[in-house]
Amino acid sequence: MKLATWNVNSLNVRLPHVMKWLEENPTDVLCIQETKLTDDKFPAGTIEAAGYHVVYTGQKTYNGVAILSKLPITDVVKNNPKFEDLQQRILAATIDGVRVVCAYVPNGQAVDSDKYEYKMAWLSAFHDWIKEEAAQHPQLAVVGDYNIAPEDRDVHDPAAWEGMVHVSPKERAALTRLLDIGLVDAFRLFEQADKSYSWWDYRGLGFRLNKGLRIDHILLSDALKQRCTACVIDRVPRKWEQPSDHTPVIATFS
DNA sequence: ATGGCGCGCATCGCGCGA
């Protein structure tokens, strides 16, 4: 079983990229963030025609998440029951006995902004809810765009980023607290190349100069960790024409 | 200190992302 997460930065623009990537990379479950589509405009037909079940929740212009799956999707939950939020950032579903949470964590904009306060409150409520999900579902994968680089080695220029949003101590502490529930960062279960990132700025030749951040993560419960045989970042779609600024992260399970 | 790039929405600049 292969499980992937990808922030597509508008599914309207990136649907061809997603379909091409799925053709070239057989994937059982794909979690998508930043669809930027209301549900009436979601391209469910195209996705279903490719052999996927799909669930989604979106809004105009911002946010929006979806889960694509070759196997049936059950017990779907939209948003965090513990956090009233008009922003569509969370989908949870059960697929083949695995509880999958697809999350688009708020960006936070700047540490002194209201959006950062919202990010921290969102993460606190997310922790409380995931703690319950973990208790109910031993096989749990919490994946998505976390907008947090866990460590300095996940940042192309830690000195320049010090204290900034995505790396601030409070954000990293919130991620650690989530891991303390009993989750692990699948990417770090395996040997990885230095300077591995999942996002690169569109500006200033960010990708070509590998000026990136690793902010998209696959977090696994212990039971799923035992089944995880690989976790990689696929940089290829970031090289395509008109790419998303994020690229997929993929975990393989026995 | 500012803007770089891309997207959506709305027009011919702006908010937002990271």
Side-chain angles (χ1 to χ4, degrees), chain A residues 5-18 21 31-43 56-66 85-90 102-123 126 143-172 174-175 185 187 195-217 233 235 237-249:
Chain A
T5 179
W6 192 3
N7 178 324
V8 298
N9 185 18
S10 169
L11 188 58
N12 187 41
V13 174
R14 234 65 70 186
L15 182 62
H17 301 66
V18 170
W21 189 79
C31 294
I32 288 177
Q33 302 86 39
E34 277 209 270
T35 59
K36 300 188 180 182
L37 290 172
T38 49
D39 291 352
D40 59 305
K41 297 206 167 116
F42 192 90
Y56 44 91
T57 184
Q59 62 185 93
K60 199 173 173 180
T61 310
Y62 304 115
N63 311 311
V65 287
D85 194 358
L86 292 174
Q87 303 190 19
Q88 301 303 302
R89 296 178 173 278
I90 294 173
C102 172
Y104 175 43
V105 177
N107 174 297
Q109 198 169 63
V111 291
D112 59 354
S113 68
D114 290 348
K115 293 190 177 69
Y116 184 84
E117 297 306 316
Y118 165 69
K119 181 178 192 173
M120 298 313 301
W122 192 99
L123 282 164
F126 190 62
V143 317
D145 176 359
Y146 280 78
N147 275 315
I148 301 171
E151 301 175 63
D152 280 355
R153 61 177 165 161
D154 302 309
V155 181
H156 70 91
D157 185 347
W161 278 86
E162 190 177 0
M164 306 275 276
V165 74
H166 301 101
V167 308
S168 73
K170 278 171 68 179
E171 290 167 85
R172 285 178 168 173
L175 181 57
D185 179 352
F187 190 74
K195 306 183 191 302
S196 290
Y197 309 124
S198 65
W199 167 89
W200 300 263
D201 204 313
Y202 284 121
R203 302 164 291 185
L205 302 173
F207 182 65
R208 275 183 52 191
L209 300 175
N210 198 27
K211 290 161 75 170
L213 302 175
R214 193 175 69 89
I215 52 178
D216 300 271
H217 307 303
I233 294 171
R235 297 161 54 103
R238 188 63 176 76
K239 301 172 188 171
W240 293 347
E241 286 293 310
Q242 206 177 8
S244 169
D245 43 358
H246 297 251
T247 209
V249 183

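All values below come from the heavy atoms of this structure, side chains included, with hydrogens, waters and symmetry mates left out. Within every chain, numbering begins at 1; the chains are lettered A, B, ... in the order of the sequence lines, protein sequences first and strands thereafter.
One interatomic measurement links the two molecules: OH of Tyr118(A) to P of dC16(B), which rounds to 13 Å at whole-angstrom precision. Rounded to an integer number of Å, the gap from CG of Leu37(A) to C1' of dC7(B) is 12 Å. For the pair His166(A) NE2 and dG17(B) C1', the interatomic distance rounds to 8 Å; values are reported in whole Å. Taking atom CZ on Arg14(A) and atom C1' on dG17(B), their separation rounds to 12 Å, with Å as the unit. For Asp201(A) and dG3(B), the CG to P distance is 15 Å, given to the nearest whole Å. Rounded to an integer number of Å, the gap from CD of Gln59(A) to C1' of dG17(B) is 14 Å. Rounded to whole Å, the distance from CG on Asp157(A) to C1' on dG4(B) is 16 Å. With rounding to whole Å, Lys36(A) atom NZ is found 14 Å from dA10(B) atom P.
Nucleotides dG4(B) and dG17(B) have their C1' atoms positioned 14 Å apart, rounded to a whole Å. dG3(B) and dC14(B) are spaced 15 Å apart, taking the C1' atom of each and rounding to whole Å. Rounded to whole Å, the separation between the P atoms of dA18(B) and dC7(B) comes to 14 Å. Taking atom C1' on both nucleotides, dG15(B) is separated from dA10(B) by 12 Å, rounded to a whole Å.
Among the heavy atoms of the strands, none lies under 4.0 Å from Asn63(A). Among the atoms of the strands shown, only primed sugar atoms or phosphate atoms (P, OP1, OP2) are found under 4.0 Å from some heavy atom of Tyr104(A).
For the pair Lys60(A) and Val105(A), both in contact range of DNA chain B, the more 5′-proximal nearest nucleotide belongs to Lys60(A). Both Ile215(A) and Leu11(A) lie close to DNA chain B; mapped to their nearest nucleotides by heavy-atom distance, the more 5′-ward contact belongs to Leu11(A).
Distances were taken from every side-chain heavy atom of Tyr202(A) (C-beta onward) to each of dA18(B), dC9(B), dC5(B); the shortest belongs to dC5(B). Comparing dC7(B), dG8(B), dA18(B) by their nearest atom to the side chain of Gln242(A) picks out dC7(B). Listed nucleotides dC16(B), dG8(B), dA18(B) differ in distance to Lys115(A); the shortest reach to its side chain belongs to dC16(B). In this structure, the nucleotide among dG6(B), dG8(B), dC5(B) sitting nearest to the side chain of Val13(A) is dG8(B).
A syn base is found at dG4(B): its glycosidic angle is within 90° of 0.
OP1 or OP2 of dG17(B) has not a single side-chain nitrogen or oxygen of Asn7(A) nearer than 4.0 Å. Distances shorter than 4.0 Å separate none of the side-chain N or O atoms of Asn9(A) from OP1 or OP2 on dG6(B).
Below 30°, between 30° and 60°, or above 60°: for Trp200(A) and Tyr197(A) the angle between ring planes is above 60°, a perpendicular geometry.
Side chains of Gln87(A) and Tyr62(A) form no contact here, defined as non-hydrogen atoms less than 4.5 Å apart. The closest side-chain heavy-atom distance from Gln33(A) to Thr5(A) is below 4.5 Å.
A 3.5 Å limit on both hydrogen-bonding distances identifies dC16(B) as the Watson-Crick or G-U partner of dG6(B).
Ionic pairing of Arg214(A) and Asp185(A) is present here: one or more N-O contacts between side-chain nitrogen and carboxylate oxygen are shorter than 4.0 angstrom.
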Requested in this report: For ring-ring contact (aromatic ring centres under 6.0 Å, His included), just list the numbers for Trp6(A) and Trp21(A), CA-CA rounded to whole Å, side-chain angles, deciding distance to a tenth of an Å, and then say yes or no.
Outcome: CA-CA 11 Å; Trp6(A) 192 3; Trp21(A) 189 79; 5.7 Å; yes
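Closest approach of Ala149(A) and Val167(A) over heavy atoms only: CB-CG1, 4.1 Å.
No N or O donor and acceptor, one from the side chain of Asn147(A) and one from the base of dA18(B), sit under 3.5 Å apart.
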